[in-house]
Amino acid sequence: MQIFHNWSFDGHLLANHGIEILGHRSGDTVHMARLWDTSRQGRGGYKLSSLMQDLLGWGKTDMKEVFGRFKLKKDGTPGKVVYLPDSLTLQTDPNVTMFEKWIHYSTYDTICTWYLYFSLRKELENMSWSPDAIVYENELLKMRADRTLFTFYDCFWRPFGQILTDMERKGMYIDKDYLYQQAEKAQEDKEKRTESFMQWVRSLCPDGKYININSNPQKRHLLFSSITEPDDAGSREPHMRTFQVDNKVEEEEEREEEEGEEGEVLFLSPPRSKRSISLLGLALTPVAYTATGQASTAGQVIQKLAGKPFASPPSYGTAFKDLGGGEEGKAACEALASLLEGEAIEKLLSTFLLPLPEQTDEASRIHTSLNINTETGRLSSQRPNLQNQPALEKDVYRMRKAFSAPPGRKLIIVDYGQLELRIMAQMTGCRSMLDAFEQGGDFHSRTAIDMYRYIAEAVERKEVLLEWNSHDGAPPAPMLKDKFASERRKAKTLNFGIAYGMTKMKVARDWGVSLEEAEETIQTWYSARKEVKQWQEEVIERARRTGYTETFLGRRRYLPEINGRDGVGRGHAERAAINTPIQGGAADIVMMAMLKLRGEERIRRLGWRMVMQIHDEIILEGPEETAEEVFPLVRACMEQPFDSPLSVELPVDGSIADNWYEGK
DNA sequence: TCAGTCACG
DNA sequence: ACGTACGTGACTGAG
């Protein structure tokens, strides 16, 4: 019997030393604890010490407290900062007491994990589990009589945990040269784009050329700060503020030039790493405020200030008027638009293009950590996060091309269509949604037909088409999603928004309509989907009564705030109560699909392995020769994650590709 | 360490 | 009085 507290960590560590652990892994106490209580983050989390304290009342000191050492200062004396030396240093410490401490600590750790398993197991065994009957035919589940949350753990999450560890270990192949090449391109583009912004700032105040476009405080000050409080003489001065910024390359070049002219001595004084700059506030009108009440500098805000100065004809944003129009206003809008473009590229560079190639192993593969650590049961991906790689039009440097199959191999990339909406239809039993899915075609267009009588009439008179196969030539009438694009967009927003508990305030603000109008639109959506409203009310009511909400595989999320006195917290808990069954239900389905995939001997024998999961998408890698054979098998697993079908189909789209970009 | 911002589903 | 759609992780500047 093997028990681990975070098997993924220990497993990789052992494997890296050539040690393979055979036999039955009975449990991972991190996953068990997460299943027991999803919301311990901020209440001690899932650390062994905190769980031991809360479940068994056992004290346990953190490693840092026992083995931490003071970091040495430059002069060799101990400083205040405590750090934890690596395990090899600790194990080989010549001090015998340290060695004994190490043995004691490790032993105690092991004992804790052992007792924690049985404690958590007991907790889970005392929690009822009533999933939808469809899962009762699952191979593992069939063989046992118990039906508690521990059963769920043992039959589903325990093997799922092993799948995740295998995926982490396998990793994804990255084309590093391609990334370097794209990063260079991005760097050039960024400089080109920000040039006009930098020049504009320079024209406003002399220190403007040193502004750091990554600093929100600096941007906020430059754009929105106005005048200071009146001084003793009662006069107001334009607001100046100083910032510390890094010395840029240009400054060092200037120094070298100056000193070069002098001829002899270079670097008389060491280069300063920081310099003070003063920026003058422009007093533009803020468009939005952050949670702490400061003027926001988010992209949407800058967009509103700038307008579309490069469009033809150009349209100028709010900065134009604020600066008195004319050439000055125009220059500001153009500069801000260029800032936006530069910022977008900077984001891609600093988060994706530059760090990724640094994080590969010697085989050019990248190993993310896949955690079951969310409130809803979704996975998260860390160090690096591979679940937020730029997609579609945001992927201007074609990042996803770097995630590729090594020579001789292929990727199979598959994803569910409208998974969450289908689960919503399934759980609510909403006739209108189920019908729309049965009829097929574009779901959001069908919602638009439901909501707007004139669209329904146009469809009836065949003035617009709901769908058209482009193989049959040009469509005989315009498409609904083109002709009624804005209605379809609204329908789409509601389809998603309502699943999350969107309110009329958000609708009114996002669409720029009155509260009454927003309310009416929401009512129209609900009027054809009464089952949804009823389901949401029931779910919230049940959550108030039981203290938790659950997915249809019977996983719970406790919502202590749902009966609290804090209105904001209560509102959030209510929205979480209706969203978690949907988001978590989707996570359950993908997990079941992955278990089924892992159990398909044929797929495995042909050498195919899962390498990534992105919530409703799975990526496998395997030999080129068998891709065609394996692809339909993969699809079948995903479309039938359970032994008996749901009341909605779960269609899966996908392709065989050389890289992630092609897969879309 | 926190706040702000922005990448994903 | 306040904020108002769910769930994540990474990077950056600044105190």
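Letters A, B, ... are given to chains in the order of the sequence lines, protein chains preceding strands, and every chain is numbered from 1. Worth knowing before you read on, the calculation uses all heavy atoms, side chains too, and leaves out hydrogens, waters and symmetry mates. In this text the structure is predicted, and so the values were computed from the model without any measurement.
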Shortest side-chain distance from Pro390(A), nucleotide among dA14(C), dC6(C), dC8(B): dC8(B)
Sugar-phosphate, base or nothing in reach of Glu420(A), heavy atoms under 4.0 Å: nothing
Spacing of the P atoms in dT4(C) and dA3(B) (rounded, Å): 16 Å
hbond_proxy Gln583(A) side chain to dC6(C) base (donor-acceptor, 3.5 Å cutoff): yes
Arg509(A) side-chain N/O to dT4(C) phosphate OP1/OP2 under 4.0 Å: yes
Asn373(A) vs dG9(C): side-chain N/O to OP1/OP2 distance below 4.0 Å: yes
Atom-to-atom span, CG of Leu354(A) to C1' of dA10(C) - whole angstrom: 13 Å
Integer-rounded Å distance: dT5(B) C1' and Glu343(A) CD: 9 Å
Sugar-phosphate only, base, or nothing, as touched by Thr580(A) at under 4.0 Å among non-hydrogen atoms: nothing
Atom pair distance, as rounded to whole Å: CZ in Phe352(A) and C1' in dC8(B): 8 Å
Whole-Å gap separating P (dG9(C)) and CG (Asn371(A)): 7 Å
Below 4.0 Å: OP1/OP2 of dT5(B) and any side-chain N or O of Lys347(A): no
Sugar-phosphate only, base, or nothing, as touched by Gly571(A) at under 4.0 Å among non-hydrogen atoms: nothing
Out of dT5(B), dC8(B), dT8(C), whichever nucleotide has its closest atom nearest the side chain of Arg400(A): dC8(B)
Check: dG9(B) base within 3.5 Å donor-acceptor of Arg378(A) side chain: yes
Spacing of CZ belonging to Arg488(A) relative to OG belonging to Ser445(A), to within rounding of 0.5 Å: 5.0 Å
Between P of dT4(C) and CG of Asn579(A), the distance in whole Å: 16 Å
Touch class at under 4.0 angstrom, heavy-atom based, for Lys504(A) against every strand present: nothing
Between dC6(C) (P) and Leu494(A) (CG): distance, integer Å: 16 Å
Which nucleotide in dT8(C), dC6(C), dC8(B) has an atom nearest any side-chain atom of Tyr500(A): dC6(C)
Under-4.0 Å side-chain N/O to phosphate OP1/OP2 contact, Arg575(A) with dC6(C): yes
Sugar-phosphate only, base, or nothing, as touched by Gln218(A) at under 4.0 Å among non-hydrogen atoms: sugar-phosphate
Sugar-phosphate only, base, or nothing, as touched by Asn388(A) at under 4.0 Å among non-hydrogen atoms: base
Pi-cation contact, Trp36(A) with Arg34(A) (under 6.0 Å, within 45°): no
Ser350(A) side chain, from C-beta outward: closest of dT12(C), dA5(C), dG13(C): dT12(C)
Sugar-phosphate, base or nothing in reach of Gly584(A), heavy atoms under 4.0 Å: nothing
Rounded distance (Å) that lies between atom P of dC6(B) and atom CG of Asn214(A): 12 Å
Check: His444(A) ring centroid to Phe496(A) ring centroid under 6.0 Å: yes
Phosphate-side-chain proximity, His572(A) and dG7(C), N/O vs OP1/OP2 below 4.0 Å: yes
Selection from dA5(C), dG13(C), dC2(C) that lies nearest to any side-chain heavy atom of Asn212(A): dG13(C)
Note: Glu574(A)-Arg544(A) ion pair, threshold 4.0 Å (strictly below): yes
Touch class at under 4.0 angstrom, heavy-atom based, for Arg557(A) against every strand present: sugar-phosphate
Note, Gln359(A) side chain near His367(A) side chain (heavy atom, < 4.5 Å): no
OP1 or OP2 of dC6(B) under 4.0 Å from side-chain N/O of Thr351(A): no
Nearest-nucleotide 5' precedence on DNA chain C, Thr374(A) against Pro217(A): Thr374(A)
Touch class at under 4.0 angstrom, heavy-atom based, for Phe496(A) against every strand present: base
Nearest-neighbour nucleotide for the Thr503(A) side chain, dC8(B), dT4(C), dC6(C) considered: dT4(C)
Closest to the Thr376(A) side chain, choosing from dA5(C), dT12(C), dG7(C): dG7(C)
Rounded P spacing from dG3(C) to dT5(B) in Å: 15 Å
Neighbour count >12 (heavy atoms, 6.0 Å) for atom NZ, Lys481(A): no
Any donor-acceptor pair under 3.5 Å from Arg556(A) side chain to Tyr548(A) backbone: no
Separation of atom CD in Glu561(A) from atom C1' in dT4(C), rounded to whole Å: 15 Å
Within the 6.0 Å centroid threshold, strictly below: Phe156(A) and Phe152(A): yes
Touch class at under 4.0 angstrom, heavy-atom based, for Gln389(A) against every strand present: sugar-phosphate
Ser215(A) vs dA14(C): side-chain N/O to OP1/OP2 distance below 4.0 Å: yes
Pairing partner of dA10(C) (Watson-Crick or G-U wobble, both distances under 3.5 Å): dT5(B)
